[in-house]
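Keep in mind it's a predicted model, so treat the numbers as computed, not measured. Per chain, numbering begins at 1; letters A, B, ... match sequence-line order. For the numbers below, each heavy atom of this structure counts, side chains included, while hydrogens, waters and symmetry mates do not.
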Protein chains: 2
Amino acid sequence: MYMELPEAKQKFIESWGKLGSEWGINRTMAQVHALLLLSPEALTTEDIMLELNISRGNANMNLRDLMDWGLIDKQLKPGERKEYFFADKDTWNIARQVAKERKRRELDPVIKVLNELSTIKGDDKDPAYKTFKKSVSDINKLAGNVNKTLEMMLKAEEGWFWKSIFKLFK
Amino acid sequence: MYMELPEAKQKFIESWGKLGSEWGINRTMAQVHALLLLSPEALTTEDIMLELNISRGNANMNLRDLMDWGLIDKQLKPGERKEYFFADKDTWNIARQVAKERKRRELDPVIKVLNELSTIKGDDKDPAYKTFKKSVSDINKLAGNVNKTLEMMLKAEEGWFWKSIFKLFK
DNA sequence: TTAAACTTCCAATAATATTTGAAAGTTTAA
DNA sequence: TTAAACTTTCAAATATTATTGGAAGTTTAA
């Protein structure tokens with residue numbers, strides 16, 4: 001299969017956007033990220049609007065979100081007012097940042113609820129209660145383990161064990 | 001904080017649904033799953049419609065999807081026509097099934113595209129080409145590693161190394 | 001200061017995803 | 001067979017989420 005660079009770029013941006021949306025991340029946000037990942041130099045809001053055919057408001061909003069996620073940064077060029085945006089291109093950092101944000105926004109609140117639900121009292125002879133308790137406690141345990149692992153991964157390069165595991169991925 | 005079982009159930013179902021939707025899984029599907037996780041006996045479509053206040057069509061569709069995902073099964077009681085649904089309550093199986101489905105539906109197609117994009121030829125002096133190539137190849141590498149790990153996890157209990165890692169999570 | 005050059009906000013609009021409900025389809029006991 | 005008891009389908013309605021574009025807000029060079 002033969003493909004030119006612009007077509008290939010297009011395809012990458014499209015795929016990244018699709019993957020993002022399947023994982024609960026705004027499609028356009030993922031596309032802006034993809035565009036910046038492929039760009040050798042930092043781009044202005046204008047550039048991004050043009051390349052992706054989106055409005056100024058939309059571009060701005062998604063750039064802001066990407067900065068909140070820690071996936072891109074802005075650069076100021078001396079003598080210019082415009083802001084130039086560029087992406088961190090280290091895949092391991094990208095994975096870490098995404099894991100960090102999602103943990104904070106999604107896993108942490110769920111763990112809080114699960115802990116609350118673990119305290120419910122009831123009649124141990126009631127099957128509904130027994131099943132409830134068992135399911136909540138099992139899921140709580142799994143969530144707790146996932147959480148611990150993520151924390152270790154985020155605290156990063158500490159400890160020979162996880163360090164050596166994670167190195168395999170980079 | 002004091003809570004009765006029915007309220008706690010409600011809260012669990014709500015949280016599970018929210019988590020699902022944040023991860024690109026239909027909210028109602030996650031809620032049906034939650035309901036079945038908490039239920040000691042298998043439930044009929046009717047039960048589920050009533051408990052979650054959803055239509056017959058919706059209940060049916062999500063039950064079918066959950067079966068496709070391998071998260072629930074149906075049971076036929078002798079002498080009855082109705083179908084009774086119940087969830088696999090082993091958290092490790094749940095995690096495995098979800099990982100399996102998402103890998104198949106999302107990761108595999110992305111890897112295919114990335115491999116295609118890796119073959120693009122261009123001028124090594126062109127910065128746009130160099131950045132494209134580097135980003136695609138880095139992401140390809142990460143995706144490949146994630147893929148390998150998932151495959152190992154799905155092939156399951158083989159090999160002392162991963163077996164011992166995974167046991168920590170169960 | 002001021003005004004040009006930008007960025008951000010936000011209400012209206014558009015696009016997407018989910019849900020409903022009734023009709024069509026299927027299965028089985030008699 | 002038939003008809004009652006179910007399940008499945010799908011077009012229309014609803015709900016949710018994303019996008020636009022213009023107005024308001026900021027910043028900075030002069």
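For B/Leu63 and D/dC6, the CG to P distance is 16 Å, given to the nearest whole Å. Here C/dC6 presents its P atom at 13 Å from CE of A/Met49, a figure rounded to the nearest Å. At whole-Å resolution of the value, CG in B/Asp65 and P in D/dT7 are 16 Å apart. For the pair A/Asp47 CG and C/dC6 C1', the computed distance is 14 Å after rounding to whole Å. C/dT8 atom C1' lies 18 Å from atom NZ of A/Lys82, rounded to whole Å. Across the protein-nucleic acid pair, A/Arg64 atom CZ and C/dC6 atom C1' stand 15 Å apart, rounded to whole Å. Taking atom CE on A/Met67 and atom C1' on C/dT7, their separation rounds to 10 Å, with Å as the unit. As rounded to whole Å, 17 Å separates atom C1' of C/dT20 from atom CD1 of B/Ile48.
Below 30°, between 30° and 60°, or above 60°: for A/His33 and A/Trp16 the angle between ring planes is between 30° and 60°, a tilted geometry. Using cut-offs of 30° and 60° on the angle between ring planes, the pair A/Phe12 and B/Phe132 is perpendicular.
Salt-bridge check for B/Glu106 with A/Lys18: failed, with every basic side-chain N at 4.0 Å or more from each acidic carboxylate O. Salt-bridge check for A/Glu46 with A/Arg56: passed, with a basic side-chain N closer than 4.0 Å to an acidic carboxylate O. Of the charged side-chain nitrogens involved, none lies within less than 4.0 Å of a carboxylate oxygen, so that A/Lys155 and A/Glu151 do not count as a salt-bridged pair. A salt bridge is defined here as a Lys NZ or Arg NE, NH1 or NH2 lying under 4.0 Å from an Asp or Glu carboxylate O, and A/Asp124 with A/Lys130 fails to meet this definition. Note on B/Lys11 versus B/Glu14: no salt bridge recorded, every NZ/NE/NH1/NH2 to OD/OE distance being 4.0 Å or above.
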Can you name the atoms? Protein N/O to nucleotides 23-25 of chain C N/O, anything below 3.5 Å, with the distance.
none

Report all interatomic pairs (protein N or O, nucleotide N or O of nucleotides 16-19 of chain C) with separations under 3.5 Å.
{"residue": "C/dT19", "atom": "OP1", "partner": "B/Thr28", "partner atom": "OG1", "Å": "2.4"}
{"residue": "C/dT19", "atom": "OP2", "partner": "B/Thr28", "partner atom": "OG1", "Å": "2.9"}
{"residue": "C/dT19", "atom": "O5'", "partner": "B/Asn58", "partner atom": "ND2", "Å": "3.4"}

Interface polar pairs with nucleotides 27-30 of chain D, N/O, under 3.5 angstrom:
{"residue": "D/dT28", "atom": "O4'", "partner": "A/Arg81", "partner atom": "NE", "Å": "3.3"}
{"residue": "D/dT28", "atom": "O2", "partner": "A/Arg81", "partner atom": "NH2", "Å": "3.0"}

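B/Asp47 contributes no side-chain N or O that, together with a main-chain N or O of B/Leu43, makes up a donor-acceptor pair within less than 3.5 Å. The backbone N or O of B/Ser39 sits nowhere less than 3.5 Å from a side-chain atom of A/Thr131 that would complete a donor-acceptor pair.
Both tests do not hold together for B/Arg102 against B/Trp69: distance to the six-membered ring centre under 6.0 Å, angle to the ring axis within 45°. In this structure, B/Lys74 forms no cation-pi arrangement with B/Tyr84, as its terminal cationic atom is not both closer than 6.0 Å to the ring centre and no more than 45° off the ring axis.
Looking at DNA chain C, the stems built from 3 or more consecutive Watson-Crick or G-U wobble pairs, each pair with its key distances under 3.5 Å, are C:1-30 with D:1-30.
A search for salt bridge (Lys or Arg N to Asp or Glu O under 4.0 Å) contacts involving B/Lys134 returns B/Asp138, not counting sequence neighbours. Partners of B/Arg27 according to the salt bridge (Lys or Arg N to Asp or Glu O under 4.0 Å) rule, which considers only residues two or more places apart in sequence or in another chain, do not exist here.
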Could you walk me through whether A/Ser118 and A/Asn140 pass the side-chain hydrogen bond (donor to acceptor under 3.5 Å, both in side chains) check? CA-CA 8 Å; A/Ser118 297; A/Asn140 203 2; 3.0 Å; yes
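Distances shown here put every side-chain N or O of B/Asn60 at or beyond 4.0 Å from the OP1 or OP2 atom of D/dT7.
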